[in-house]
Number of protein chains: 2
Amino acid sequence: MARKSRAGSNRPTLADVASAAGVSAITVSRTIRSPGIVSEKARRKVQEAIARLGYTPDPAASALASRSSSTIGLLVPSLTNNVFSDVLRGVYDGAQGTRFFVQIGNYRYSALEEEGLIRTFLSQRPAGLIVSSMDQTPEGRRLLQAAPCPIVQIMETGDAIDMSVGFDQLAAVRAGARHLRDRGYRRPGFISARMDPRAQRRLGAFRDVTAACGQLDEARILTTPQPSSVGIGGHLLEQLLARAPDTDAVMCNNDDLAVGALMEAARRHIKVPDQLAICSYNDIEMARHMVPALSAVATPRREIGSRAIAMLLDEIGAPGSVTERHVDLGFEMIAREST
Amino acid sequence: MARKSRAGSNRPTLADVASAAGVSAITVSRTIRSPGIVSEKARRKVQEAIARLGYTPDPAASALASRSSSTIGLLVPSLTNNVFSDVLRGVYDGAQGTRFFVQIGNYRYSALEEEGLIRTFLSQRPAGLIVSSMDQTPEGRRLLQAAPCPIVQIMETGDAIDMSVGFDQLAAVRAGARHLRDRGYRRPGFISARMDPRAQRRLGAFRDVTAACGQLDEARILTTPQPSSVGIGGHLLEQLLARAPDTDAVMCNNDDLAVGALMEAARRHIKVPDQLAICSYNDIEMARHMVPALSAVATPRREIGSRAIAMLLDEIGAPGSVTERHVDLGFEMIAREST
DNA sequence: ATGAAAGCGCTAACAG
DNA sequence: CTGTTAGCGCTTTCAT
């Protein structure tokens, strides 16, 4: 049936469309990629033939010939962390309807795994890359610098390689700590799980603020390398109160922890916010619906994702066209009932 | 520098490795894909050359030549729903360290978008596909049936196209409803958001059980097409109690809803479980840490993901080798404090 | 605005 | 076990 085809998946090719439309293959290719430069007449014939044959381009052939794929790599440290599922959604919604596929790599909070993924993704000649931190290994960073595609680093402001979208994580934690102080709490604690570099830096920011007003007490700082979860939040509060029972406020490094702490407080009949204030970080949807509603530093996760993909697509479409290459989306301290 | 190369990204190719190792290109190819069939000596030379040149295969060229890519497509209806983030994790962990990439497609609970994604994914000649339902459009189903790669349908048992991993969703809901009845609750309600086909069927199962023991009351069934969230869970309970204040138990179609209902009960000083029982569905980590701890029908989401990818990889490696093609992973009714 | 020719980097299909 | 020969389906380059 098909004209040649070795062991024929008789899927139509560019050449099939070309001969059906009575033009050359390259005209079909151009009709698809930049319809503007093809004559009205040719375009119509080609589009008709594409529809009739049910042609879909082969991305592998395209990537091979053009040395660039339609893949956009997205490197995240975790698939379960709600923070990143919001980012994902922003990215996916923005990529929707374009010719690009998003491919997620999960490096599980390991810079070494991240480096491996950078290598793997780069070997696919991606159209662009979104990476979730500035904490690459030196080699990882070098690979990104040498990459022949635009790169957006997300979540933070700081020393970015190419472009960045984020907010000042340290200022955000400071805002939370100051909020606690302004509400009159004097013996604040801090709980955090999964002490990745960013979590470490945030803890540092908490120490700075509390030290500056003479409220820093290391006994009130509880961390664990385990992954964050609601259960861990409860445990950490338990341990914190065992070590420093007079703690009157706790800054939680994310919402899971805060919910866990809130539940632990309920279990012990500790009144929030009277006996203990709880301030959360990120502010996923759940936080505002707790009883009492959690005060939180709200971070623009979804918007980070959509802005990152938008910048990337712009830059892919017209290299050098993105002028605002480092975007600070800010954060917001939202006071509710728990403080 | 490089021998030819048009405008040289001077990345080494198979041919470069071959000449460096003093063998032919195909031997290098074989060394990479099936080391077993290459002589010890050739293999060592090739591996040394690969390491020395820093060679990485070009997946596009490989896909084009072999007519099959290293992509595994994973179609999910939502990126935010915690249910699917657990599935994702299972899939990603299982794909870790293989030569396959997972590519996620989000069809946002639209069978039409799903059909589009099936088409798009198929155009990439994926090595395999994992799809999250049995509710394709007729055309979507036809595309899957004709696909030249293995396909695993996940989440449910039922009328699968190729392979499947899941559990009996209807039996799971029935177990929840029966649990409520066995605990002595007589006026059970049901709340659900995002009424996709699966949610509809689960509601049907709830109706069956309650009708069978004369407890079905449509006034106690509250649904909304909006996406599920903790906030919506609260609203739904509020409406439910407005319509049927004597409701003494509520089956929630997922954990977000159950948490929202629990918080709404707390807000209204309704004692759980004495005045109102709450039974959840899925049992994400948070559920067991609530106060009171939520009773739930626990579903094996993570395991579904890891089992699905394992079956797929087996079948890709040796077509026809998977004998147990339809796996039922079961569920578990876990009674805690909320019932 | 359109086309012809020449690969992109790899693997299938034979042969040896 | 190893090599040779042809492409895979598309885009680039250079003409026209």
Side-chain angles (χ1 to χ4, degrees), chain A residues 2-46 50 53 55-70 99 122-125 127 148, chain B residues 2-46 50 53 55-70 99 122-125 127 148:
Chain A
R3 289 185 312 161
K4 39 190 177 178
S5 87
R6 260 197 313 229
S9 81
N10 47 12
R11 172 174 154 174
T13 71
L14 254 200
D16 296 332
V17 175
S19 64
V23 297
S24 73
I26 187 63
T27 298
V28 178
S29 176
R30 291 200 260 248
T31 309
I32 292 168
R33 291 179 302 153
S34 25
I37 66 168
V38 174
S39 71
E40 169 84 40
K41 204 168 111 195
R43 199 188 321 150
R44 264 212 316 277
K45 283 190 300 184
V46 168
I50 287 176
L53 301 185
Y55 169 76
T56 38
D58 182 327
S62 167
L64 181 58
S66 70
R67 293 169 198 69
S68 169
S69 72
S70 318
R99 66 184 189 85
L122 252 22
S123 80
Q124 290 192 68
R125 308 175 185 274
Chain B
R3 290 185 313 164
K4 39 189 177 177
S5 89
R6 261 201 309 234
S9 81
N10 47 10
R11 173 175 154 172
T13 69
L14 252 201
D16 297 331
V17 175
S19 63
V23 298
S24 74
I26 189 69
T27 299
V28 178
S29 176
R30 292 201 261 246
T31 309
I32 292 167
R33 291 179 302 154
S34 23
I37 67 168
V38 174
S39 72
E40 169 84 40
K41 204 166 109 195
R43 199 189 319 152
R44 264 212 315 278
K45 283 190 299 184
V46 169
I50 287 177
L53 300 185
Y55 170 76
T56 38
D58 182 327
S62 169
L64 182 57
S66 68
R67 292 170 197 70
S68 168
S69 72
S70 317
R99 65 183 190 84
L122 252 21
S123 81
Q124 291 192 68
R125 308 174 185 276

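So that the names make sense, note that chain A is the first sequence line, chain B the second, and so on, each numbered from 1.
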Expressed in angstrom and rounded to an integer, what is the separation of [X] atom [atom1] from [N] atom [atom2]?
X: B/Leu14; N: C/dG7; atom1: CG; atom2: P; result: 18 Å
X: A/Arg11; N: D/dC8; atom1: CZ; atom2: P; result: 14 Å
X: A/Leu64; N: C/dT11; atom1: CG; atom2: C1'; result: 12 Å
X: A/Lys45; N: C/dT2; atom1: NZ; atom2: C1'; result: 11 Å
X: B/Gln124; N: D/dC10; atom1: CD; atom2: C1'; result: 15 Å
X: B/Arg125; N: C/dT11; atom1: CZ; atom2: P; result: 15 Å
X: B/Arg67; N: C/dT11; atom1: CZ; atom2: P; result: 12 Å
X: B/Ile50; N: C/dG9; atom1: CD1; atom2: C1'; result: 14 Å

So, do B/Arg67 and A/Arg11 sit near enough that their side-chain heavy atoms are less than 4.5 Å apart?
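Not touching, per the 4.5 Å side-chain cut-off.
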Output the distance between atom CZ (A/Arg43) and atom CD1 (A/Ile50), rounded to the nearest 0.5 Å.
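A/Arg43 atom CZ to A/Ile50 atom CD1 measures 12.0 Å (nearest 0.5 Å).
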Angle between the end axes of the helix from C/dA1-D/dT16 to C/dG16-D/dC1, five pairs per end, to the nearest 10 degrees?
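The angle separating the two end axes equals 20°.
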Going through the distances and angles, do B/Asp58 and B/Thr13 end up as a side chain to side chain contact (heavy atoms under 4.5 Å, CB included)?
CA-CA 8 Å; B/Asp58 182 327; B/Thr13 69; over 6 Å; no
Determine: side-chain N/O of B/Arg33 to OP1/OP2 of C/dT11, distance under 4.0 Å, yes or no.
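Yes, B/Arg33 has a side-chain N/O under 4.0 Å of OP1/OP2 on C/dT11.
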Counting only side-chain heavy atoms from C-beta out, which of C/dC10, C/dG9, D/dT12 sits nearest to B/Tyr55?
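From the listed options, C/dC10 comes nearest.
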Nucleotide nearest B/Asp58 when distance is taken to its side chain, options C/dC8, D/dC10, C/dC10
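Within the option list, the nearest is C/dC10.
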All side-chain contact (heavy atoms from CB on, under 4.5 Å) counterparts of [X], not counting sequence neighbours:
X: A/Ala21; answer: A/Val23, A/Lys45, A/Val46, A/Ala49
X: B/Ile26; answer: B/Ser24, B/Ser29, B/Arg30
X: B/Ser70; answer: B/Arg99, B/Phe100, B/Phe101

Residues that A/Ser68 engages under side chain to side chain donor-acceptor pair (under 3.5 Å), provided they are two or more places apart
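Not a single residue meets the side chain to side chain donor-acceptor pair (under 3.5 Å) criterion with A/Ser68.
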Polar atom pairs (N or O), protein with nucleotides 1-4 of chain D, under 3.5 Å:
unit_1	atom_1	unit_2	atom_2	d
D/dT2	OP1	B/Ser39	OG	2.5
D/dT2	OP2	B/Ser39	N	2.8
D/dG3	OP2	B/Ser24	N	3.1
D/dG3	OP2	B/Ser24	OG	3.1
D/dG3	OP2	B/Thr27	OG1	2.6
D/dG3	N7	B/Arg30	NH2	2.7
D/dG3	O6	B/Arg30	NH2	3.3

Between A/Ser69 and A/Arg125 (side chain of the first, backbone of the second, donor and acceptor by atom type, cut-off under 3.5 Å), is there such a pair?
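Answer holds: yes.
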If only atom types and distance count, is the side chain of A/Arg33 paired as donor or acceptor with the main-chain N or O of A/Thr31 below 3.5 Å?
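Pair absent, no side-chain N/O of A/Arg33 close to backbone of A/Thr31.
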